[in-house]
Amino acid sequence: MRVSRSFIPTLKEVPNDAVIQSHILMIRAGLVRQLSAGIYSWLPLGYKVIRKIIDIIREEMNAIGGQEFHFPGLNPKEIWEQTGRVEAFGDILFHIKNREYVLAPTHEEIVAYHAKGAIASYKDLPQIWYQIQTKFRNEPRPRSGVIRGRQFIMKDAYTLDRDDAGLDVGYALHDKAYRAIFDRCGLRYFVVGASSGAMGGSKSEEFMVKSDAGEDTVAYCEKCGYAANAEVAQSVAALIPHQKESKKLFEISTPNVHSIDELCTFLKIDEHETAKSRIYIHDAKPILVLMLGNDEVNETKLGNVLGGNVRPAHPEELKEISGADAGSIGPIDFPHRIIADNLLKDGNNLYSGANKNDFHIGGIDLRRDVSKCEYFDLRTAENGEKCIRCGSTLDVFKAIELGHIFKLGTKYSDALGVLYLDENGKERPIVMGSYGIGVERIFACFLEQNYDEKGIIWKKPLNPFDIHLIGLNMKNEMVSKACEKLYIDLIAEGYEVLFDDRLEASAGFKFNDADLLGMPIQLIVGEKNLKDGKVEVKNRKTGEKKVVELTQLNSILKELI
RNA sequence: CGGGGCGUAGCUCAGCCCGGCUAGAGCGCUUGGUUUGGGACCAAGAAGUCGCAGGUUCGAAUCCUGUCGCCCCGACCA
């Protein structure tokens, strides 16, 4: 492709709207342009990369027996009402104004609709159906460039099986395909497993890329591979030491002390000598949750421990329940259920609220004074704590979710009546799995992992071109003739070549554009070297430059690419 | 939806607080010329309903009200 005839609008300056690196680079390198919040147009160079990503996905999906579909983006609302998902999606679902249609945010309903009746026998199963298609979600706040858009390309796959054993097989196949896809795309990623108890033992795994631009927080152990969403991640943190002697309980006047920080300052004590109290309402009954020092209650873990409905108590409710307002609540003589974080186990000589405004109690020995207390893991794992599995150090960081595989079960088959006959002639619901990959997210994550201060650093197989051929002074006949020949020859050799044949652009301008666009190899053709029958080969990643004989160019390129 | 910021030329931004001539700069773009190994130089030029609507005023990019859009933080994320 000739630069002089291509639409590759590169930008010198950092666009106002872009904040994260991948977004900045996409816009600066002329890969994408924004149309509206969360809505992007892919420009030719960017779309070339999108197609390469899609090709890889398609190959790996076909390799596990997937059959490619193209389902409509426009769906009858009625089908979505039958599964209750018009309500479940709420404002996220786009509605068409002048007909009873919705824009599909995913396609479980449509898969189930087509499977119904058409798959009538166990002999028709299993099936793997997939598509690579545009999805629509009315995100309340699109952000981070193409990472969270209102319209995006998704590979979504669905398995149809007779039973859970079949589903296990389909799920494992997708796990394998996903690893192959992300490996081939050259991404550094990891897999977060989460067994969601509420779904009846259903399994789900998320494929994540570490990035500050991410929306999920995960805890990850490099050594053993333990990875979990921070909401559920477990860690080993030091218990507070049990002191030999427990003091007696004593009450202290603490006027205007409402937080752990204020209490520590007021009494000149360490945070680890205090226990913070929070009151929740669990199935209409109050419950006191005790945390060490300033640790926050992890409400996801709390919910998992308690089951049922859990919500923080309203400020107005606190006094009636405990006798005090927030800041003075504590476990001593608290008349309802008390649970505490594991770190407080065996704690003594602790300070906490007195259930009387402006008073705290010291000398609390939890074993002695709060004997009915139950202990659970209720805190959020923090960076640097020990891995629950292997004991080495946990990393807690932000991550981008690239893909998600999970076992659906019979939710949609039941709702839509998607049944088949088994060997015994008995009707059974088809067991489904659902598997998604964000195509643009692969793109963005690749950029997040492959750039420097000059621009993008592409590598096979996603690079839009293999070679960036740069004619330094195209008005010089020797240079232009040599470039034209190289362009033809390299293409004939099977390389994808971007040819900067611009007449006017100066050398420096072309170099900087080439570094920004980031093709793996730059082939620089200038008068000086050409006089000696040589050209310069530059490795974009290492910056290494070699002046080589034209006659040896082919073998050198073969080594490099 | 809550909090914050921004909307002036293709891009980045100044001007706005304190209203006043034909609304500016840099980059980019066009034409001519000189250049061509790390974002060249000279000369001439094109380009903006100052987001939109209403109001105040002799006069509004500037003040007021409303509205739309975009970005960031939070909430949300099947």
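We name chains A, B, ... by the order of the sequence lines, and we start the count at 1 in each one. Since we're looking at a predicted model, the values are computed, not measured.
Summarising the base pairing, G39(B) is matched to no nucleotide, lacking a Watson-Crick or G-U wobble pair whose two defining distances lie under 3.5 Å. Across all strands shown, the partner of C70(B) is G5(B), judged by Watson-Crick or G-U wobble contacts whose two distances both fall under 3.5 Å. C29(B) is paired with G45(B) under the Watson-Crick or G-U wobble criterion, all donor-acceptor distances under 3.5 Å. Across the strands present, A53(B) finds its partner in U65(B); the criterion is a Watson-Crick or G-U wobble pair with both atom distances under 3.5 angstrom. Shown here, C21(B) forms no base pair; nothing in the strands shown gives a Watson-Crick or G-U wobble contact with both key distances under 3.5 Å. The partner of A75(B), taking Watson-Crick or G-U wobble pairs whose two distances both stay under 3.5 Å, does not exist in any strand shown.
For the C1' atoms, the distance linking G19(B) with C64(B) amounts to 13 Å, nearest Å. On the P atoms, A61(B) is 10 Å away from G20(B), given to the nearest whole Å. When the C1' atom is compared between G59(B) and U22(B), the two are found 16 Å apart, to the nearest whole Å. Atom C1' of A46(B) sits at a distance of 10 Å from the matching atom of U31(B), rounded to the whole Å. Nucleotides A9(B) and G24(B), compared at atom C1', are 11 Å apart to the nearest Å. Between the C1' atoms of G74(B) and G55(B), the separation comes to 35 Å (whole Å). G3(B) sits 14 Å from U67(B) when the P atoms are compared, rounded to a whole Å. Only the C1' atoms considered, U12(B) is 32 Å distant from G54(B), to the nearest whole Å.
Only one option out of Phe397(A), Phe182(A), Phe207(A), Tyr178(A) pairs with Phe190(A) in a ring pair (Phe, Tyr, Trp, His ring centres under 6.0 Å); it is Phe397(A). Applying side chain to side chain donor-acceptor pair (under 3.5 Å) to Asp515(A) and the options His468(A), Lys538(A), Lys510(A) leaves one that passes, Lys538(A).
When the P atom of C29(B) is taken as reference, atom CG of Leu503(A) falls 14 Å away, rounded to whole Å. Atom CZ in Arg143(A) sits about 9 Å away from atom C1' in A75(B), given to the nearest Å. In this entry the distance linking NZ of Lys545(A) with P of G38(B) reads 9 Å, nearest Å. Taking atom CG on Leu472(A) and atom C1' on U35(B), their separation rounds to 14 Å, with Å as the unit. With rounding to whole Å, His23(A) atom NE2 is found 10 Å from C71(B) atom C1'. One interatomic measurement links the two molecules: CD of Glu299(A) to P of C76(B), which rounds to 9 Å at whole-angstrom precision. Between Glu477(A) atom CD and U36(B) atom C1' there is a gap of 16 Å when expressed in whole angstrom units. As rounded to whole Å, 10 Å separates atom C1' of C70(B) from atom OH of Tyr40(A).
Side-chain atoms of Trp80(A) and Asn75(A) form a donor-acceptor pair, as typed in the model, at a separation below 3.5 Å. Judged by distance alone, the side chains of Glu544(A) and Asn539(A) never bring a donor and an acceptor atom under 3.5 Å apart. A side-chain N or O of Asp466(A) and one of Asn463(A) form a donor-acceptor pair less than 3.5 Å apart.
Residue Arg33(A) is the one, among Met474(A) and Arg33(A), whose nearest nucleotide of RNA chain B lies closer to the 5' end (criterion: closest heavy atom). Map Ser36(A) and Asp216(A) each onto its nearest nucleotide of RNA chain B; the residue landing nearer the 5' end is Ser36(A).
If you check every strand for non-hydrogen atoms under 4.0 Å, Gln34(A) touches sugar and phosphate atoms only. Across all strands, Ala37(A) comes closer than 4.0 Å only to sugar-phosphate atoms, never to a base (heavy-atom distances). Heavy atoms of Asn476(A) sit nowhere under 4.0 angstrom from any nucleic acid atom. Across all strands, Lys538(A) comes closer than 4.0 Å to base atoms (heavy-atom distances). Counting any heavy atom pair closer than 4.0 Å across all strands shown, Ser144(A) reaches sugar-phosphate atoms only and no base atom.
Of the candidate nucleotides C77(B), G74(B), C70(B), C77(B) has the atom nearest to the side chain of Glu215(A). For Val19(A), whose side chain is taken as the heavy atoms from C-beta onward, the closest listed nucleotide among G38(B), C71(B), C76(B) is C71(B). For Asp515(A), the listed nucleotide lying nearest its side chain is G38(B); candidates were G39(B), A75(B), G38(B).
Not one side-chain nitrogen or oxygen of Arg141(A) sits closer than 4.0 Å to the OP1 or OP2 atom of A75(B). Residue Ser506(A) places no side-chain N or O under 4.0 Å from the OP1 or OP2 atom of U35(B).
With sequence neighbours excluded, no residue satisfies ring pair (Phe, Tyr, Trp, His ring centres under 6.0 Å) with Tyr47(A).
The stretch residues 3-18 of chain A comes close to RNA chain B through Lys12(A), Glu13(A), Val14(A), Pro15(A), Asn16(A), Asp17(A), each having a heavy atom under 4.0 Å from the strand. Residues from residues 73-85 of chain A with heavy atoms under 4.0 angstrom of RNA chain B, sorted by number: Arg85(A).
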Requested in this report: Determine, step by step, whether Tyr435(A) and Tyr158(A) satisfy the ring pair (Phe, Tyr, Trp, His ring centres under 6.0 Å) criterion, reporting the C-alpha distance in whole Å, the side-chain angles of both residues, the deciding distance to 0.1 Å, and the verdict.
Outcome: CA-CA 6 Å; Tyr435(A) 317 85; Tyr158(A) 307 88; 7.9 Å; no

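Here the shortest heavy-atom pairing between Leu160(A) and Ala115(A) reads CD1-CB, 4.0 Å.
At distances below 3.5 Å, not a single donor-acceptor pair connects side-chain atoms of Trp458(A) with backbone N or O atoms of Asn450(A).
Side-chain contact between Leu447(A) and Gln21(A) is absent, with no heavy-atom pair separated by less than 4.5 Å. Using a 4.5 Å cut-off on side-chain heavy atoms (C-beta onward), Leu498(A) and Met519(A) make contact.
Residue Arg148(A) places a side-chain atom within donor-acceptor reach of the base of C77(B), judged by atom type and a 3.5 Å distance cut-off alone. For a distance-only test at 3.5 Å, the side chain of Lys475(A) qualifies as a donor-acceptor partner of the base of U35(B).
For the pair Lys48(A) and Phe465(A), the cation-pi criterion (under 6.0 Å, within 45° of the ring axis) is fulfilled.
By the criterion of a centre-to-centre distance under 5.5 Å and near-parallel planes under 30°, the ring of Phe511(A) forms a stack with the base of G38(B).
Electrostatic pairing of Glu299(A) and Arg311(A) does not count as a salt bridge here, judged by no charged N lying under 4.0 Å from a carboxylate O.
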